[in-house]
Visitor: 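Handing you this structure, nothing more for now.
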Amino acid sequence: AQQDADTLLIEDARGDVELSLQDGIITAVSRAISPADWLRYTDLKVKLVRLYGTATDASSFPRSATSRSSRLNSIRAGRGYAATYWDQPGWRVALDWRELGQMQLRYELAADTPALSTTDDALEGL
């Protein structure tokens, strides 16, 4: 495990897990998922919809990228990305694919959530 003041990186066989810290409190947990492809992105998105309900699409692609292959080419060239998130009370789940080699699954506290003590149940699910 590697650590600096704001993050702790844990490496395992399924991909790196990064913990984001603020004042000694975990504010986000992120897993790097690879390889990244449309099938895996879609599969994860379907599973997350089953768990958390309707998602918000925050993807950004060039106007001309309307097919899967053209969107994949946009990601490859760094001109587009696929992103989906699910807002929950006090926290958010995000699936983000910006690099051809990997995507990120992230659980994070909402920015407006007050600092939590270790006795709070608000971290349940992270």
Side-chain angles (χ1 to χ4, degrees):
Q2 302 171 11
Q3 183 171 5
D4 66 28
D6 299 325
T7 62
L8 174 63
L9 183 64
I10 302 167
E11 299 174 21
D12 72 9
R14 295 185 308 161
D16 294 343
V17 175
E18 181 179 302
L19 304 177
S20 298
L21 308 166
Q22 182 178 345
D23 300 324
I25 297 169
I26 297 172
T27 58
V29 178
S30 178
R31 175 176 289 281
I33 300 169
S34 61
D37 57 33
W38 278 114
L39 182 60
R40 186 168 235 178
Y41 182 82
T42 304
D43 183 50
L44 283 170
K45 192 168 145 181
V46 166
K47 288 177 181 176
L48 291 165
V49 165
R50 286 185 194 140
L51 286 170
Y52 303 114
T54 304
T56 301
D57 186 358
S59 301
S60 176
F61 291 102
R63 189 180 312 245
S64 61
T66 56
S67 69
R68 238 188 233 185
S69 62
S70 62
R71 289 181 175 200
L72 180 61
N73 287 335
S74 295
I75 292 171
R76 179 178 287 124
R79 293 189 320 252
Y81 60 89
T84 308
Y85 65 88
W86 294 260
D87 280 329
Q88 304 296 305
W91 57 288
R92 170 184 277 192
V93 179
L95 181 60
D96 193 69
W97 184 21
R98 295 174 186 263
E99 299 174 24
L100 195 57
Q102 72 178 10
M103 61 185 76
Q104 298 288 326
L105 175 59
R106 184 172 177 90
Y107 291 79
E108 59 191 22
L109 290 177
D112 59 353
T113 301
L116 301 171
S117 72
T118 56
T119 59
D120 286 336
D121 292 333
L123 290 176
E124 183 179 331
L126 295 179

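Just so you know, these numbers come straight off a predicted model, no measurement behind them.
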Visitor: Mind checking salt bridge (charged side-chain N to carboxylate O under 4.0 Å, His left out) for R40 and listing every partner two or more places apart, or none if nothing turns up?
Guide: none
Visitor: Quick one: does any side-chain atom of T7 pair with a main-chain N or O of L19 as donor and acceptor, under 3.5 Å?
Guide: no
Visitor: Supply the atom-to-atom distance L95 CG to I33 CD1, rounded to the nearest 0.5 angstrom.
Guide: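 Rounded to the nearest 0.5 Å, the CG-CD1 separation comes to 6.5 Å.
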Visitor: Determine whether L8 and V17 satisfy the following criterion, side-chain contact (heavy atoms from CB on, under 4.5 Å), listing intermediate values before the conclusion.
Guide: CA-CA 8 Å; L8 174 63; V17 175; over 6 Å; no
Visitor: Residues in salt bridge (charged side-chain N to carboxylate O under 4.0 Å, His left out) with D87, at least two apart?
Guide: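 For D87, the residues satisfying salt bridge (charged side-chain N to carboxylate O under 4.0 Å, His left out) (neighbours in sequence not counted) are R92.
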Visitor: In Å and rounded to the nearest 0.5 Å, what is the CZ to CD1 distance from R31 to I10?
Guide: 9.5 Å
Visitor: Filter on salt bridge (charged side-chain N to carboxylate O under 4.0 Å, His left out), then keep only pairs touching residues 93-106, sequence neighbours left out; what's left?
Guide: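 Applying salt bridge (charged side-chain N to carboxylate O under 4.0 Å, His left out) to every pair that reaches into residues 93-106, excluding sequence neighbours, yields D96-R98, R106-E108.
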Visitor: For residues 73-82, run the donor-acceptor check on the side chains, cut-off 3.5 Å, and write out each pair with its distance to 0.1 Å, sequence neighbours left out.
Guide:
residue : atom : partner : partner atom : Å
N73     : OD1  : R76     : NH1          : 2.7
N73     : ND2  : S69     : O            : 3.3
S74     : OG   : S70     : O            : 3.0

Visitor: Could you give the distance from CG (L48) to OG1 (T84), rounded to the nearest 0.5 Å?
Guide: 9.0 Å
Visitor: Rounded to the nearest 0.5 Å, how far does CG of L21 lie from OG1 of T27?
Guide: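 Spacing of OG1 (T27) from CG (L21) equals 6.5 Å.
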Visitor: With sequence neighbours left out, write down each residue that passes side chain to side chain contact (heavy atoms under 4.5 Å, CB included) with T56, or none if nothing qualifies.
Guide: Y85
Visitor: Do any pairs count as a salt bridge (charged side-chain N to carboxylate O under 4.0 Å, His left out) and have a residue in residues 59-70, sequence neighbours left out, and if so which ones?
Guide: none
Visitor: Go through it in stages, so that I can follow the logic: the residues are S30 and Q104, the test is side chain to side chain donor-acceptor pair (under 3.5 Å), and I'd like the CA-CA distance, side-chain angles, deciding distance and then a yes or no.
Guide: CA-CA 6 Å; S30 178; Q104 298 288 326; 2.7 Å; yes
Visitor: What residue pairs, at least two apart or across chains, pass salt bridge (charged side-chain N to carboxylate O under 4.0 Å, His left out) with a residue in residues 46-56?
Guide: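 The answer is D43-K47.
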Visitor: Carefully, step by step, assess S20 and Q22 under the rule side-chain contact (heavy atoms from CB on, under 4.5 Å).
Guide: CA-CA 7 Å; S20 298; Q22 182 178 345; over 6 Å; no
Visitor: Does the side chain of V93 come within less than 4.5 Å of L51's, by heavy atoms?
Guide: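 Heavy-atom side-chain distance check fails, nothing below 4.5 Å.
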Visitor: Just to verify, what does D23 make a side chain to side chain donor-acceptor pair (under 3.5 Å) with, not counting sequence neighbours?
Guide: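 In terms of side chain to side chain donor-acceptor pair (under 3.5 Å), with neighbours along the sequence ignored, D23 is linked to no residue.
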Visitor: Return the set of residues passing side chain to side chain contact (heavy atoms under 4.5 Å, CB included) with Q88 (not counting sequence neighbours), or none when no residue passes.
Guide: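 Scan of Q88 (side chain to side chain contact (heavy atoms under 4.5 Å, CB included), adjacent residues dropped) gives Y52, W86, W91.
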Visitor: So L44 and M103, do their side chains get closer than 4.5 Å, heavy atoms only?
Guide: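 They are in contact (side-chain heavy atoms under 4.5 Å apart), so the answer is yes.
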Visitor: Are W97 and V49 connected into the same hydrophobic cluster when the rule is that any two of I, L, V, M, F, W, Y join if their side-chain heavy atoms are below 4.5 Å apart?
Guide: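 Yes, it is one cluster - the side chains of V49 and W97 are joined through contacts under 4.5 Å.
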